[in-house]
Novice: 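Here it is: the structure, laid out below.
Heavy atoms only: backbone and side chains are in, while hydrogens, waters and symmetry mates are out.
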Amino acid sequence: MTEKTIKIIKDFDIAQIADSGQCFRLNKREDGSYSLIARERYLEIVQQEEEITFFCEENEFREIWDSYFDLTTDYGAFKAQIESKDLYMQNACAYGRGIRILRQELWEMVITFIISQQNNIPRIKKCVESLCRAYGEKRTNFRNETYYTFPKPEALAGLGEEDLCSCSLGYRNKYIRKTADMVVSGGFDLYRLYDLNYEDARRELLKLCGVGIKVAECICLFALHHIDAFPIDTHIQKVLDRHYPEGFPFSKYQGFAGILQQYAFYYDVEGY
């Protein structure tokens with residue numbers, strides 16, 4: 001058995017994070033714990049109220065998972081800024097109070113959210129897992145179970161039309177191949193995005209094959225951690241139409257609208 005790192009964390013719910021539509025390799029195990037494959041590592045998490053057990057050494061927790069789960073950010077401070085008269089957002093926040101915006105790997109988010117287009121969460125997870133099994137690196141976790149890392153750009157570049165068919169990606173197949181080719185050839189400097197502000201990063205992402213506004217917003221929010229990014233899918237559009245017909249009050253929630261978007265998304269999908 002691996003080492004354990006135990007932390008007391010407020011505003012954290014691993015089940016809500018797993019179902020919030022931002023991470024597709026965070027899954028509930030049969031024993032009630034959660035497994036995560038990210039940054040080429042395997043992690044298990046067990047939660048008892050505010051006590052969170054991470055099955056890893058303290059050094060690994062500090063170097064990787066503390067940042068990944070955005071644990072140094074005070075989410076209570078964001079919640080306190082929600083206007084009392086904004087009843088929908090108050091309710092959405094209360095319902096999804098344990099959600100945090102993960103700091104995920106940029107390349108993985110690009111490909112994952114290309115896959116997410118016109119797709120549902122269970123099918124996205126299946127497609128992502130198939131892609132990892134076909135082109136990721138095979139590893140073994142502390143339970144001696146096999147897992148697969150997310151494939152690097154080099155593993156997907158240069159593939160032919162038929163190579164990704166087993167992953168059931170449909171029309172997204174060509175987008176993934178072309179995007180990988182752009183990154184590996186140097187035609188698109190992916191990691192330069194970290195040096196750009198939100199608006200410039202979103203504009204650059206639109207140059208990638210298969211990346212539209214919604215996908216670019218998701219990448220900005222879940223990889224680049226621009227928490228003012230506000231992806232609008234069918235769920236969020238429904239929320240805006242019903243509860244904010246005059247437009248979402250971005251000026252009131254400037255700088256953290258993306259966090260509220262996640263509360264609204266989760267509330268609409270899971271609770272409302």
Novice: Take atom CD in E145; do more than 12 heavy atoms of anything else shown fall under 6.0 Å from it?
Specialist: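 Above 12, so yes.
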
Novice: Just by distance, do the side chain of Q254 and the backbone of D228 share a donor-acceptor pair under 3.5 Å?
Specialist: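 Not a single qualifying donor-acceptor pair exists.
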
Novice: So, does R172 use its side chain to make a donor-acceptor pair with the main chain of I115 at under 3.5 Å?
Specialist: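 Side chain of R172 to backbone of I115: a pair is present.
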
Novice: What are the two closest non-hydrogen atoms of D200 and R203, and how far apart are they?
Specialist: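 For D200 versus R203, the nearest heavy atoms are OD1-NH1, 2.6 Å.
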
Novice: Treating S67 as the side-chain partner and I64 as the backbone partner, does any N or O pair qualify as donor plus acceptor under 3.5 Å?
Specialist: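 Checking the backbone N and O of I64 against the side chain of S67, no donor-acceptor pair under 3.5 Å is found.
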
Novice: Determine the interplanar angle of the F222 and F113 rings, folded into 0 to 90°, and report it as parallel if under 30°, tilted if 30 to 60°, perpendicular if over 60°.
Specialist: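 F222 vs F113 ring planes: parallel.
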
Novice: In terms of side-chain heavy atoms, does D163 have a donor or acceptor partner in Y135 at a distance below 3.5 Å?
Specialist: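 D163 vs Y135: no donor-acceptor pair found between side chains.
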
Novice: Under 4.5 Å between any side-chain heavy atoms of K7 and L71, yes or no?
Specialist: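 Heavy-atom side-chain distance check fails, nothing below 4.5 Å.
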
Novice: Would you please test Y191 and V183 for side-chain contact (heavy atoms from CB on, under 4.5 Å) and show each step?
Specialist: CA-CA 10 Å; Y191 294 98; V183 170; 5.8 Å; no

Novice: Could you state the interatomic distance from CD (Q261) to NE2 (H235), rounded to the nearest 0.5 Å?
Specialist: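 So the CD of Q261 and the NE2 of H235 are separated by 11.0 Å.
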
Novice: In terms of the angle between their ring planes, are Y244 and Y88 parallel, tilted or perpendicular, with boundaries placed at 30° and 60°?
Specialist: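 Rings of Y244 and Y88: perpendicular, over 60°.
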
Novice: Please indicate whether R192 has more than 12 foreign heavy atoms, meaning atoms of other residues, nucleotides or ligands, lying under 6.0 Å from its CZ.
Specialist: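 Count not over threshold, so no.
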
Novice: Would the distance check show the side chain of R100 and the main-chain N or O of D11 forming a donor-acceptor pair, the cut-off being under 3.5 Å?
Specialist: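 Side chain of R100 to backbone of D11: a pair is present.
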
Novice: Using side-chain heavy atoms (C-beta onward) and a distance below 4.5 Å, is Y263 in contact with Q90?
Specialist: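 Sidechains of Q90 and Y263: no contact.
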
Novice: Rounded to the nearest 0.5 Å, how far apart are CD of Q104 and CD1 of I219?
Specialist: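 So the gap between those two atoms works out to 11.5 Å.
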
Novice: Tell me the closest heavy-atom pair linking L106 and L190, and the distance in Å.
Specialist: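 Nearest pair, atom of L106 first, then L190: CD2-O, 3.4 Å.
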
Novice: Side chains of C209 and K174, heavy atoms from C-beta outward: is any pair under 4.5 Å?
Specialist: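 The answer is no; the side chains never approach within 4.5 Å.
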
Novice: Considering all heavy atoms of both residues, which atom of P231 and which atom of L221 are nearest to each other, and what is their separation?
Specialist: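 Looking at all heavy atoms of both residues, the shortest contact is CD-CD2, 3.8 Å.
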
Novice: Quick check on the hydrophobic clustering: are I176 and I124 connected, directly or via other members, by side-chain heavy-atom contacts under 4.5 Å?
Specialist: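 As far as the 4.5 Å side-chain criterion goes, I124 and I176 are connected within one cluster.
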
Novice: Using 30° and 60° as the class boundaries, would you call the ring planes of Y253 and F248 parallel, tilted or perpendicular?
Specialist: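 Y253 and F248: tilted rings.
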
Novice: I'd like to know whether V211 forms a side-chain contact (heavy atoms from CB on, under 4.5 Å) with I114, so could you lay out the CA-CA distance, the side-chain angles of the two residues, the decisive distance to 0.1 Å, and finally the verdict.
Specialist: CA-CA 6 Å; V211 174; I114 288 176; 4.0 Å; yes

Novice: Might you work through the side-chain contact (heavy atoms from CB on, under 4.5 Å) test for I236 and F265, ending with a clear yes or no?
Specialist: CA-CA 6 Å; I236 295 301; F265 177 87; 4.0 Å; yes

Novice: Are Y198 and L224 packed together at the side-chain level, in the sense that at least one heavy-atom pair is separated by less than 4.5 angstrom?
Specialist: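 Y198 vs L224: side chains apart.
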
Novice: Would you name the heavy atoms of L102 and Q22 that are closest together and state the gap between them?
Specialist: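 Scanning both residues, the minimum pair turns out to be N-OE1, 2.9 Å.
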
Novice: What is the ring orientation for F55 with F142, classed by angle as parallel under 30°, tilted 30 to 60°, or perpendicular over 60°?
Specialist: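 F55 vs F142 ring planes: parallel.
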
Novice: Just one of D19, L36, L26 clears the side-chain contact (heavy atoms from CB on, under 4.5 Å) bar with I14, so which one?
Specialist: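 The single option meeting the side-chain contact (heavy atoms from CB on, under 4.5 Å) with I14 is L26.
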
Novice: Is the number of heavy atoms from other residues, nucleotides or ligands under 6.0 Å of K178 NZ greater than 12?
Specialist: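 Open.
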
Novice: Hey, what do you get for CG (L240) to CD (E246), rounding to the nearest 0.5 Å?
Specialist: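 Atom-to-atom, L240:CG and E246:CD are 13.0 Å apart.
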
Novice: When hydrophobic residues are tied together by side-chain contacts of less than 4.5 Å, even through go-betweens, does I121 share a cluster with Y34?
Specialist: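 No, because I121 and Y34 fall into different hydrophobic clusters, even though each may have its own neighbours under 4.5 Å.
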
Novice: Quick check on the hydrophobic clustering: are L193 and I227 connected, directly or via other members, by side-chain heavy-atom contacts under 4.5 Å?
Specialist: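 Hydrophobic grouping puts L193 with I227.
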
Novice: Would you say that F69 contacts I9 through its side chain, given a criterion of any heavy-atom pair below 4.5 Å between the two side chains?
Specialist: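 A side-chain contact is absent here, since even the closest heavy-atom pair is not under 4.5 Å.
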
Novice: Does R39 form a side-chain contact (heavy atoms from CB on, under 4.5 Å) with Y68? I'd like the steps, not just the answer.
Specialist: CA-CA 9 Å; R39 302 196 182 279; Y68 181 89; 3.8 Å; yes

Novice: Hey, could you give me the OH/CD1 distance between Y266 and I17, rounded to the nearest 0.5 Å?
Specialist: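 That separation rounds to 10.0 Å.
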
Novice: Can you tell me how far CD1 of I259 sits from CD of Q81, rounded to the nearest 0.5 angstrom?
Specialist: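 So the CD of Q81 and the CD1 of I259 are separated by 9.5 Å.
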
Novice: Check whether any side-chain heavy atom of F150 sits under 4.5 Å from a side-chain heavy atom of T112, and report yes or no.
Specialist: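 They are in contact (side-chain heavy atoms under 4.5 Å apart), so the answer is yes.
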
Novice: Search all heavy atoms of N119 against all heavy atoms of C127 and return the closest pair with its distance.
Specialist: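 Closest approach of N119 to C127, heavy atoms only: ND2-SG, 4.5 Å.
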
Novice: Would you call D70 and H225 a side-chain contact if the rule is heavy atoms closer than 4.5 Å?
Specialist: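 Yes; the side chains approach each other to less than 4.5 Å.
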
Novice: Quick check against the 3.5 Å criterion: does S185 have a side-chain atom that pairs as donor or acceptor with the backbone of D181?
Specialist: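 Confirmed, S185 side chain pairs with D181 backbone.
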
Novice: Is there a side-chain contact between E51 and I6, using heavy atoms and a 4.5 Å cut-off?
Specialist: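 Touching, per the 4.5 Å side-chain cut-off.
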
Novice: Between Q47 and F12, is there a donor-acceptor pair closer than 3.5 Å when you use the side chain of the first and the backbone of the second?
Specialist: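 Yes.
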
Novice: Is E108 salt-bridged to R25, cutoff N-O under 4.0 Å?
Specialist: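 So E108 does not pair with R25 through a salt bridge.
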
Novice: Side-chain donor-acceptor pair under 3.5 Å between Q237 and D241, yes or no?
Specialist: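 Their side chains do contain a donor-acceptor pair, which is all the 3.5 Å distance test asks for.
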
Novice: Would a distance-only check, ignoring hydrogens and angles, find a side-chain to backbone donor-acceptor pair under 3.5 Å from T179 to L208?
Specialist: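 Answer holds: no.
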
Novice: With a 4.5 Å cut-off on side-chain heavy-atom distances among I, L, V, M, F, W and Y, is there a chain of contacts connecting L131 to M182?
Specialist: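 Yes, L131 connects to M182 through the hydrophobic network.
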
Novice: Would you please test E105 and K152 for salt bridge (Lys or Arg N to Asp or Glu O under 4.0 Å) and show each step?
Specialist: CA-CA 11 Å; E105 203 278 321; K152 294 180 171 66; over 6 Å; no

Novice: Measure the NZ-CD distance between K4 and E44 for me, rounded to the nearest 0.5 Å.
Specialist: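 Output value for this atom pair is 10.5 Å.
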
Novice: What pair of heavy atoms forms the shortest contact from S20 to I99, and how long is it?
Specialist: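 In terms of heavy atoms, the two residues are closest at CB-CD1, 4.0 Å.
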
Novice: Start with the C-alpha distance between K125 and E129, add both sets of side-chain angles, then the distance that settles salt bridge (Lys or Arg N to Asp or Glu O under 4.0 Å), and finish with yes or no.
Specialist: CA-CA 6 Å; K125 287 190 172 190; E129 193 59 33; over 6 Å; no

Novice: If you apply the rule salt bridge (Lys or Arg N to Asp or Glu O under 4.0 Å), what do you find for E50 with K10, and how did you get there?
Specialist: CA-CA 6 Å; E50 292 186 352; K10 294 182 178 180; 5.8 Å; no

Novice: Does any N or O in the side chain of S33 come within less than 3.5 Å of the main-chain N or O of V46, such that one atom is a donor and the other an acceptor?
Specialist: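 No, because the side chain of S33 does not come within donor-acceptor range (under 3.5 Å) of the backbone of V46.
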
Novice: May I ask you to decide if A180's main-chain N or O and W107's side chain share a donor-acceptor pair within less than 3.5 Å?
Specialist: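 Looks like no, no N/O pair under 3.5 Å.
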
Novice: Please determine whether a side-chain nitrogen of the Lys or Arg among E199 and R202 lies less than 4.0 Å from a carboxylate oxygen of the Asp or Glu.
Specialist: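 Here E199 pairs with R202 in a salt bridge, since their nearest N and O are under 4.0 Å apart.
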
Novice: How are the rings of Y171 and Y175 set to each other: parallel, tilted or perpendicular (split at 30° and 60°)?
Specialist: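 Rings of Y171 and Y175: perpendicular, as their planes differ by over 60°.
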
Novice: Decide whether F78 and L87 are clustered together by the hydrophobic rule: side chain heavy atoms of Ile, Leu, Val, Met, Phe, Trp, Tyr closer than 4.5 Å, transitively.
Specialist: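 Cluster IDs for F78 and L87 differ.
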
Novice: For the side chain of R97 and the backbone of A94, is there at least one donor-acceptor N/O pair under 3.5 Å apart?
Specialist: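 Answer holds: yes.
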
